[in-house]
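Computed over heavy atoms, backbone and side chain alike; hydrogens, waters and symmetry mates excluded. Because the structure is predicted, anything quoted here is derived from the model rather than measured.
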Amino acid sequence: MKPEELFEKAKEMLNDGKLDEAKEFIEEHKEDIGEKIHDLTDMFGDNAEGILNKVKGLFGKK
C-alpha cells in the first residue's frame with residue numbers, strides 16, 4: 001500500500017472509534033506512513049490530548 005492509502009485506512013479506523021485497532025495498525029506501518037503520521041495525530045485536536053499522547057508514544061515521543 002502507498003503511504004496515502006495507509007493514512008486513509010488509519011484515519012477511517014480513528015473516525016470509527018477503533019482506537020486500539022488504529023494504534024496497532026499505525027505501529028505496524030509507521031515507517032510506511034512516514035511524515036503523514038503527524039496528520040493522524042493532528043486529527044485528535046486539543047480536546048483529546050491523552051489520545052494524542054498515546055499515538056505519539058508509539059514513536060517514542062512524549
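The closest side-chain heavy-atom distance from Glu28 to Glu24 is below 4.5 Å. Side-chain atoms of Leu14 and Lys18, non-hydrogen and from C-beta on, never get closer than 4.5 Å to each other.
For the atom pair Ile33 CD1 and Lys11 NZ, the distance stands at 13.0 Å (nearest 0.5 Å). Glu8 CD to Lys2 NZ: the interatomic distance, rounded to the nearest 0.5 Å, is 13.0 Å. In this structure, Ile26 CD1 and Met13 CE are separated by 8.5 Å, a value rounded to the nearest 0.5 Å. Note: Lys23 NZ to Glu21 CD = 13.5 Å, rounded to the nearest 0.5 Å.
Judged as a side-chain contact (heavy atoms from CB on, under 4.5 Å), and not counting sequence neighbours, Glu12 has no contacts.
Between Ala22 and Ala10, the shortest heavy-atom distance links the atoms CB-O, 4.3 Å.
No more than 12 heavy atoms of other residues, nucleotides or ligands shown are found within 6.0 angstrom of CG on Asp20.
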